> 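This structure is in structure tokens; I'll ask about it shortly.
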Amino acid sequence: MKYEINSADQSFEVDIQIENDRLIIQTASNKLTLEAIQIHRGVYSVLLNNRSFVVGVCAGNDEKINVNGTPVFVELLDAVHLHLRELGWESMQETKAGLVCTQIPGLITRIFHKVGDEVIEGEPLFLMEAMKMENEIKAPLSGVIQKISVQEGQTVDKGTNIIEIG
Amino acid sequence: MKYEINSADQSFEVDIQIENDRLIIQTASNKLTLEAIQIHRGVYSVLLNNRSFVVGVCAGNDEKINVNGTPVFVELLDAVHLHLRELGWESMQETKAGLVCTQIPGLITRIFHKVGDEVIEGEPLFLMEAMKMENEIKAPLSGVIQKISVQEGQTVDKGTNIIEIG
Amino acid sequence: MFKKILVANRGEIALRVMRTCREMGIETIAIFSEADRTAPHVLFADEAYLIGSAPSSESYLRYDKILDVAKIAKADAIHPGYGFLSENTGFAKQVTEAGIVFIGPPAEAIKTMGDKTMARQSMLQTNVPVVPGTEEPINDIKEALQIAKDIGFPVLIKAAGGGGGKGMRIVEFAEEFSDAVSRAQRESQSAFGDGRVYIEKYLEEPHHIEFQILADQHGNIIHLNERECSIQRRYQKVIEESPSPFINVELREKMGQAAVETARSCNYFGAGTVEFLVDKYKNFYFLEMNTRLQVEHPVTEMITGTDLVAEQVRIADGQVLSIKQEEVTISGHAVECRIYAEDAAQDFTPSTGKIIMLQIPNGTGTRFDGAIRQGMEITPYYDPLLGKLICWAKDRDSALNRSERALREFYIGGIETTIQFCRSVIRHPVFREGPYDTHFYNLYKDELHAELTTFTEEVLMVAGGTLHHHQNQTKHSSQTTGSTKPSRSSWVTSQQRRQDK
Amino acid sequence: MFKKILVANRGEIALRVMRTCREMGIETIAIFSEADRTAPHVLFADEAYLIGSAPSSESYLRYDKILDVAKIAKADAIHPGYGFLSENTGFAKQVTEAGIVFIGPPAEAIKTMGDKTMARQSMLQTNVPVVPGTEEPINDIKEALQIAKDIGFPVLIKAAGGGGGKGMRIVEFAEEFSDAVSRAQRESQSAFGDGRVYIEKYLEEPHHIEFQILADQHGNIIHLNERECSIQRRYQKVIEESPSPFINVELREKMGQAAVETARSCNYFGAGTVEFLVDKYKNFYFLEMNTRLQVEHPVTEMITGTDLVAEQVRIADGQVLSIKQEEVTISGHAVECRIYAEDAAQDFTPSTGKIIMLQIPNGTGTRFDGAIRQGMEITPYYDPLLGKLICWAKDRDSALNRSERALREFYIGGIETTIQFCRSVIRHPVFREGPYDTHFYNLYKDELHAELTTFTEEVLMVAGGTLHHHQNQTKHSSQTTGSTKPSRSSWVTSQQRRQDK
């Protein structure tokens, strides 16, 4: 089956065949054998043409793969996703990038804006205290604030929606 | 509820009351509070009157408790078991002690006896090779060999019945 | 000698102190918050007492409760570790008044040296050179701005009540000054319960070099050489080493004497650290004195063969120092990498979650002072330091090779850590070369982070292939894992990440 | 320097060797059997190749397959570790003939010294004293019995083809002799693929003391002091230390020279160990020379600051020794405890199973050379050594205190280990005192084991209470654990255990 493997500015087209714990990966220039044996939930011992790796696939974040301790960002697009992308679905999703949510639990100590404010990319949006540190969260893109879902002084969980920029 | 805690030559009568993760243990001379929080399957962080312990309860062998890394043999008899013991059930079980089984998997390299042989306690019964070592297994008690369940050269799993002495 | 010591701390330093206590035959008492019931320091200790809820202000900073425990548990002495109450004069006094030994300097020395502005004032009476700056904490913001202008921007705003980069700000322009001061005050208040901050001249191309000292209660004071601490991000140390690749024998001698003089000036006893800034012409200035054990103390232990915690305990017990200045030598080279639960690629955002897999490096010359365990939850309540990897070898090059090997071997799955960031620093040619200064991180930030986000084709095939295999497996056995959530569109997150940069 | 090294071994020693290779910038190649697909040495290596099924004879001893891998993977050199093929002349020769460097002594030296009887014959030509015994492997059992009678019982039967106590028997009476010989031959055949055994005089109150030597290919030979290895059970070392508490400076000098002379007599190069027996009058006798790295090499590394594997690699590369004899010093004291998967209370029966929880000690002066991981299965196929805990400190007393602290901190749940047994030895007053001999274990066996089976009321309450809590919990949530087997009568096992004693 055909896939596209993407990371930062690199992209490869590959063909993957599965035989039990083995994958045969055909790239433009190379044929690779990958054997992945689970050693712990979500952690694999991988041999790629006899090269040895320990690879962790995180629970909530499948695109961030831990290879020998290094976090590697990778996306794996199958035929369906590739087709959706051709139909322009990707650009539709881009507006969603204006939704700022928390990466860790913490206390919202200050919010610098109100709904309707115009913000430029990189401008501070709010302050959050976590692990004894004050973290300044910046705008991921320029736009107008559509929604603010929390108040100053509120304790929030990981993944809470805070501000939406439209 | 009343229990008897036994180990080697020691024996205590205790009364145990449970309140969630806490046990109140009343001994003849003392009232103890034990709090046990599971930190891993079968492994507990225990505070006994503020004394701190890491305690492991083995899967297949509940009487062998690992306390701060030390294997502790203990038996805990509740009212039912105490009553059964009074009825003489314990002595009935003793005949079963003549059944010799393997503690680890390995290769039976030699059997010194045949059915009907008389053996004395401590006399070698058979040789087993495991982890590159030759292990000599001795008779747990004196008696006549009733049954031999394996042959020389046979590979056996842990817990296999080898010889029964009657 | 003491029979029982209460360690008024948590995390790796609590474990570090308890290890030495146990080796000395002294029983250890842990205190813990509700969030730390099964934390490693609780599991290690002989006794453990709950003292309050998760926030430090309700537990690890509550010295009334800690003193109560000390009395109930019949502790002979209290070791404060670093952070929390370690530089709190009030605590030290109350401990002593309760008839319990405080394992640290006399309260008077903490007061003088623990307070950065008083320390500066005190040092101006000695021959030890001091960095230009305010001598009082900032009260009037306008007056402070004038002083800052007189010194000349850039200036540093620093917390009077604590160290470790918390509450610290560098200000380049006058218009940013007042906002920076108020933020530093808030952060300092939250970290140390003391919102006072002061201003200092920002030296160019400075090296942060500190000296470990030991002083007994009989007037003997020695230094145990320097630690080079110039690799910092967010004004917080990440990698330290000893000896420093920047200074030479003569400078070591001069600075060591200055460190001893500093300690003598405040009638110090116990372990302490005198921090200096050294400019590119090898002029050095007194920066501050930390009247406690430092995070990075192990590099000194490795090259001198001493156990600094054991020395602290012996000094507190009234014993004479076990070594003389002339017996202190430098054997080999040691490097410490701090492993934080932080996402280096996301500007060191703290990372919380469960450690799903843990592999700690080991072998010759490889030490890890930490407090983590597989299956453990990293909570957002405390400092994100998971532990420190300290590697020793015969020379600097071998120690760096060993650090790189050990960092590669280190595997913490489930949360983000600074392991890879430390590797990038150690592989960097300028760091390898040696005499780097405190600007290292800002100068080479982009290169360091590029290494964290650029991968070979081989690594990408491994990542992509394993992801595919994993998705395939979980698809086929959906009842075994609880996380078979419907395949979330893979590229949304990926997009978001790109825009976060 | 080599670009790639194949490590022809498994377990802790494979990991130990690979760590140093990686620090030297050399790529590592692992080989593995079907039982070891996810073993730590496979996970650590840069490359890993399957070479056969679980039994060693089908994998780790198959040197044809290992050579094939070396060629395919383009290895420049092969490190054999200890055990397996490390003292196999045929393997060393074939490696060299294939144009690959064998990291070990020349085949001729392995042949002379690796074979215990040839070694004895060869040493009779030197000034080094030798223990009386047979000079040829036993062929004729009657003739051998006569020799044994001439030497005088008790005698030792030892394997000619390997060490580590395998195939070794002590025979006290003439009537037990022939049976003991045949059992030793079988065990030796199974362990080393070589069934030859020989006889040796059994010295009274002997100390087993060995010297580490290093020799380059340019005729330089040095020794790195002794290791005291008298704590043995089943003729196998359990705890080793350096320096020895028994010998003094003069004896060290004399024995060190004898060790160097031994190495010179067979044109040795590489790392090697010359083993001696020292009687209570401090007479010493050559016992054997091990032409490879020893299990207990780390204690030497700790007190001398050398990396013996790095030295092996440099020597194999043709380099000159990096240190001279006069630069070799003794700094502090080091103790090694071997952690075996064995049930000490059941006469050291090997223990297999899954490691359900693992906590490896760490901190100042604490090193663990092992190859284990939480969740890993310990199989019955290989040596039960899980790893070695090595503790260093300034003096012997501190090193023992540190060992005791670290052993207490060590937690391996799910299998039986020798952790507690090592603790009992280290706490024993005779061991603490110092000059113990090889009879230590047999003399104090009962005391050591009593400590393993006698518990305080507090510990019994903890054990009983937690057991109760656990049973209660699993009863209430039977679907979460798979092991809610009907409560097996608690006292049957307990009975059996008592009768097993």
Side-chain angles (χ1 to χ4, degrees), chain B residues 3 5 7-8 10 12 14 16 18 21 23 25 27 32 34 36 38 40-44 46 48 51 53-63 65-77 81 90 93-94 96-97 103-106 109 129-135 140-141 158, chain D residues 56 166 183 186-187 190-191 341 343 345-346 349-352 356-357 359 380-384 407-414 416 419-420 452-455 457-473 481 483 487-497 499-500:
Chain B
Y3 290 91
I5 294 179
S7 173
Q10 297 178 73
F12 303 92
V14 297
I16 303 182
I18 306 187
D21 280 334
L23 312 181
I25 306 179
T27 71
L32 304 163
L34 182 142
Q38 182 157 305
H40 191 82
R41 189 185 290 192
V43 183
Y44 294 84
V46 173
L48 180 81
R51 301 281 301 170
F53 302 86
V54 176
V55 182
V57 180
C58 293
N61 194 357
D62 283 344
E63 301 76 23
I65 312 294
N66 191 323
V67 180
N68 284 343
T70 311
V72 176
F73 291 97
V74 71
E75 58 179 6
L76 184 71
L77 304 188
H81 285 88
E90 189 180 32
Q93 292 293 312
E94 245 169 79
K96 279 275 166 75
Q103 307 278 324
I104 47 164
T109 52
E129 196 183 297
M131 284 176 154
K132 295 273 126 216
M133 310 270 266
E134 193 171 76
N135 299 278
L141 44 79
K158 183 176 171 170
Chain D
S56 311
K166 278 166 193 160
R183 283 184 59 190
R186 273 202 311 279
E187 209 173 296
S190 138
D343 189 346
Q346 300 276 352
T349 320
S351 172
T352 58
I356 58 160
M357 186 162 147
Q359 183 180 274
Y381 301 111
Y382 312 108
D383 190 281
L407 286 165
R408 158 99 195 257
E409 194 177 328
F410 216 142
Y411 192 100
I412 302 181
E416 301 303 324
I419 292 173
Q420 281 303 309
L452 296 177
T453 45
T454 317
F455 310 107
E457 177 175 339
E458 183 184 47
V459 164
L460 291 177
M461 290 302 150
V462 166
T466 309
L467 174 56
H468 181 59
H469 181 70
H470 178 74
Q471 287 172 345
N472 219 49
Q473 283 217 319
T481 64
S483 65
S487 162
R488 197 161 43 87
S489 159
S490 346
W491 61 82
V492 174
T493 313
S494 178
Q495 285 293 343
Q496 226 160 344
R497 175 175 57 80
Q499 283 163 3
D500 281 357

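Quantities reported herein were computed from a predicted structural model and do not represent experimental measurements. The chains referred to below are lettered A, B, ... by the order of the sequence lines, with proteins before strands, and numbering in each begins at 1.
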> Which bit of B/V43 comes within less than 4.5 Å of chain D, counting heavy atoms only: side chain, backbone, both or neither?
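Interface part for B/V43: side chain.
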> Taking all non-hydrogen atoms of both residues into account, name the closest pair between B/I5 and D/G464 and its distance.
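Heavy atoms of B/I5 and D/G464 come nearest at CD1-CA, 4.1 Å.
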> Once rounded to the nearest 0.5 Å, what's the spacing between atom CD of B/Q38 and atom NE2 of D/H470?
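Interatomic distance, B/Q38 CD to D/H470 NE2, rounded to 0.5 Å: 7.5 Å.
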> Quick one: does B/V57's side chain get under 4.5 Å of D/Q471's, heavy atoms only?
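With C-beta onward as the side chain, the pair stays apart.
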> Please check if the side chain of B/Q10 supplies one atom and the backbone of D/F455 the other of a donor-acceptor pair under 3.5 Å.
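Such a contact is found between B/Q10 side chain and D/F455 backbone.
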> Compare all side-chain heavy atoms of D/V459 with those of B/T70 and state whether any distance is below 4.5 angstrom.
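Sidechains of B/T70 and D/V459: no contact.
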> Pick from D/R408, D/E458, D/M357: which one has the most heavy-atom pairs with chain B under 4.5 Å?
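Sorted descending by pairs with chain B, the first entry is D/E458.
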> With B/H40, which residues qualify under ring-ring contact (aromatic ring centres under 6.0 Å, His included), at least two apart?
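B/H40 satisfies ring-ring contact (aromatic ring centres under 6.0 Å, His included) with no other residue.
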> Flag the one option from B/L32, B/I18, B/I25 with the top tally of heavy-atom pairs under 4.5 Å to chain D.
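With the most close heavy-atom pairs to chain D, the winner is B/I18.
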> Which atom names give the shortest non-hydrogen contact between D/E416 and B/P71, and what distance separates them?
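Closest approach of D/E416 to B/P71: OE1-CG, 3.9 Å.
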> Roughly how far apart are D/M461 CE and B/T27 OG1, rounded to 0.5 Å?
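Between atom CE of D/M461 and atom OG1 of B/T27 there are 5.5 Å.
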> Considering only heavy atoms from C-beta outward, does the side chain of D/Q359 approach that of B/V54 to under 4.5 Å?
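Counting from C-beta outward, D/Q359 and B/V54 never come under 4.5 Å.
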> Between D/I419, D/I412, D/L460, D/D343, which has the largest tally of heavy atom pairs under 4.5 Å with chain B?
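The option with the most such pairs is D/L460.
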> Given a strict heavy-atom distance threshold of 4.5 Å, which part of B/T109 is in contact with chain D: side chain, backbone, both, or neither?
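Contact with chain D: none, neither part.
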> Heavy atoms only: give me the nearest D/G465-B/L23 pair and the separation to one decimal.
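That closest heavy-atom pairing would be O-CD1, 3.2 Å.
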> Which heavy atom of D/S190 sits nearest to which heavy atom of B/E129, and what is that distance?
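Heavy atoms of D/S190 and B/E129 come nearest at OG-OE2, 3.4 Å.
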> What part of B/V55 gets closer than 4.5 Å to chain D, counting heavy atoms only: side chain, backbone, both or neither?
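Contact with chain D is through both the backbone and side chain of B/V55.
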> What are the two closest heavy atoms between D/V462 and B/L34, and how far apart are they?
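In this case the closest contact between D/V462 and B/L34 is CA-CD1, 3.9 Å.
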> Against chain B, label D/E457 side chain, backbone, both or neither, depending on which of its atoms sit under 4.5 Å from a heavy atom there.
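Contact with chain B: backbone and side chain both.
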> Is the side chain of B/Y44 donor-acceptor paired with the backbone N or O of D/H469 at a distance under 3.5 Å, no angle test?
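Here the side-chain-to-backbone pair does not exist.
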> So which part of B/V14 gets closer than 4.5 Å to some heavy atom of chain D, the side chain, the backbone, both or neither?
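For B/V14, the contact with chain D is made by the side chain alone.
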